[in-house]
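Data block below; observations after.
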Amino acid sequence: MAIGVLALLGFQLVDSAFIARLGTAPLAAQSFTFPLSFLVIGIQVGMGIAIAALISRALGAREAARARRLGSLVLVVGTVTIALLVLLLWAIQTPLFGLLGADEATRALIRDYWAPQLLAAWLGAVLYFGYSLFRAHGDTWLPGKMMVITSLLNLVLDPLLIFGVGPWKGLGLPGAAWATTIAFAIGLLLLAQRLRDKPWLALEGLAGEMQRSLMPFVGIAGPAMISQLMPPLAAMLAISVVASLGEPQVAAWGLASRLETLSLMVVLAMTMSLPPWLGRCYGAGDWEQVHRLMRLALRVVVLWQLSLGVIMAMASPWLALALSGNPEVQGDLAILIRFLLPSYAALGVCMIVVSAGNALGWPLRAMLMSGARLFVFYLPCLWLGAWLGELMGLAMGAAIGNLLAGLAAWQVLRRILASPRRQPSSAS
């Protein structure tokens, strides 16, 4: 999964690097779309968490027939839900980007990019639901391999569609979205072929299963989706703060956001692969294994992220030079990398705790922890830092917010693991 996440996030960073060669304005335009793209991702990840949790618990309790019914239900419901969401985001794009601080010229750039980007988001969500089904059944190899394949396809298509080749004139900013759309469409066809060979879906008894599983699904998916929607909301508020500093700062922030997700590849892989394992332990009542898994996961996260963050902070001038051709953007990006990347060790702790909470039947605690990370620690520190010291202060404030959130998550996890070993309810 780490290899797959690296490939997936790597192509997103490559997208931004190619777009940066078009100029500061297209890069800033793409940066304004990140919070809304994260909104779609938040919904799909929240539903994917519920998919993996319910199916893995059913498998742990040796209810294979129920797991098949759940697999069919969530694929249909998830596909329709994301389709409705992207249609809504298309319809309200003008007032929405205006609220985020995009001026008329930037909104004109976004308008041509937004339709293919939303189509790519829908295809990516359907792919993600398929990945969740495979992970729930213990197969992390295929999702990881598919992420690599779609990433390589996007990497090949990006320069062709953005810049063109020979007499073919590139599409500019929209070309990046069309490259992703084509890559995801091919990936979805390949995934459907593999899914046809698996006995993981059922057509009978779906109505009864929906009645039985609706409340458990909502009990997990509801708080999980709220938890996943909080980061896009926080990103919207953060980019509005950054927008007050200037267009180069928005462009640098967009590149730093891409680099953030890439640097968190191991954490993101663990948030995908750990919950199905924990869910099976939950279904079997094996709490000793839960404790061992969580201790191991936290050690890996802290050591990996801290080492990676320090190395990338030391290499910040060269990273900024590689990602942007604008000297002003390069300087701002180097500042952001220097302060933010080491703080992701604490952020990773918080992400693992939230992910485990959803898998182990503590969705409300996970939601509250996610909310506290963003709105009690991260955003207030970021805003205060920007007010006191502009971009330098903003970078320092964001890093302090991540550190405080990680410490709080560690304390919450200690209390949870020290509590009596009982099977928690789905709404506790």
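For reference, positions follow the sequence shown, starting with 1.
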Least distance between heavy atoms, [X] atom then [Y] atom:
X    : Y    : result
I82  : A125 : CG2-CB, 3.6 Å
C381 : G397 : CB-O, 3.0 Å
V354 : S370 : CG2-N, 4.1 Å
S263 : L308 : O-CD2, 3.4 Å
R21  : A322 : NH2-O, 3.1 Å
L22  : L173 : CD1-N, 3.6 Å

How long is the straight-line distance from [atom2] of [Y] back to [atom1] of [X], given to the nearest 0.5 Å?
X    : Y    : atom1 : atom2 : answer
L84  : L89  : CG    : CG    : 11.0 Å
D158 : I19  : CG    : CD1   : 7.5 Å
L127 : T150 : CG    : OG1   : 6.5 Å
I55  : R68  : CD1   : CZ    : 11.5 Å
I43  : T81  : CD1   : OG1   : 8.5 Å
E260 : I337 : CD    : CD1   : 12.0 Å

_Working for side-chain contact (heavy atoms from CB on, under 4.5 Å), residues L245 and D332_ = CA-CA 11 Å; L245 302 178; D332 292 337; over 6 Å; no
[X] atom [atom1], over 12 foreign heavy atoms within 6.0 Å:
X    : atom1 : value
E390 : CD    : no
M369 : CE    : yes
W200 : CH2   : yes

With side chains defined as the heavy atoms from C-beta onward, is the minimum distance between [X] and [Y] less than 4.5 Å?
X    : Y    : result
L340 : L259 : no
Q44  : V40  : yes
L195 : L75  : yes
L119 : W178 : yes
I335 : F339 : yes
F375 : L237 : yes
L336 : L391 : yes
Q330 : L333 : no

_Check against side-chain hydrogen bond (donor to acceptor under 3.5 Å, both in side chains), R135 and S132_ = CA-CA 5 Å; R135 289 198 304 268; S132 297; 3.3 Å; yes
*Is a side-chain donor or acceptor of N402 paired with a backbone partner of Y344 at a separation under 3.5 angstrom?*
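Checking the backbone N and O of Y344 against the side chain of N402, no donor-acceptor pair under 3.5 Å is found.
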*Working for ring-ring contact (aromatic ring centres under 6.0 Å, His included), residues F134 and W141*: CA-CA 9 Å; F134 275 84; W141 171 249; over 10 Å; no
_Run Q117 and L36 through side-chain contact (heavy atoms from CB on, under 4.5 Å) and show every step you take._
CA-CA 11 Å; Q117 177 61 22; L36 299 180; over 6 Å; no
*Looking at F32, W90, F97, which one forms a ring pair (Phe, Tyr, Trp, His ring centres under 6.0 Å) with W114?*
F97
_Between S355 and L274, is the side-chain contact (heavy atoms from CB on, under 4.5 Å) condition met? List the steps._
CA-CA 8 Å; S355 178; L274 189 62; 5.6 Å; no
*What do the steps show when you test L201 against S72 for side-chain contact (heavy atoms from CB on, under 4.5 Å), and what is the final call?*
CA-CA 5 Å; L201 302 175; S72 299; 3.4 Å; yes
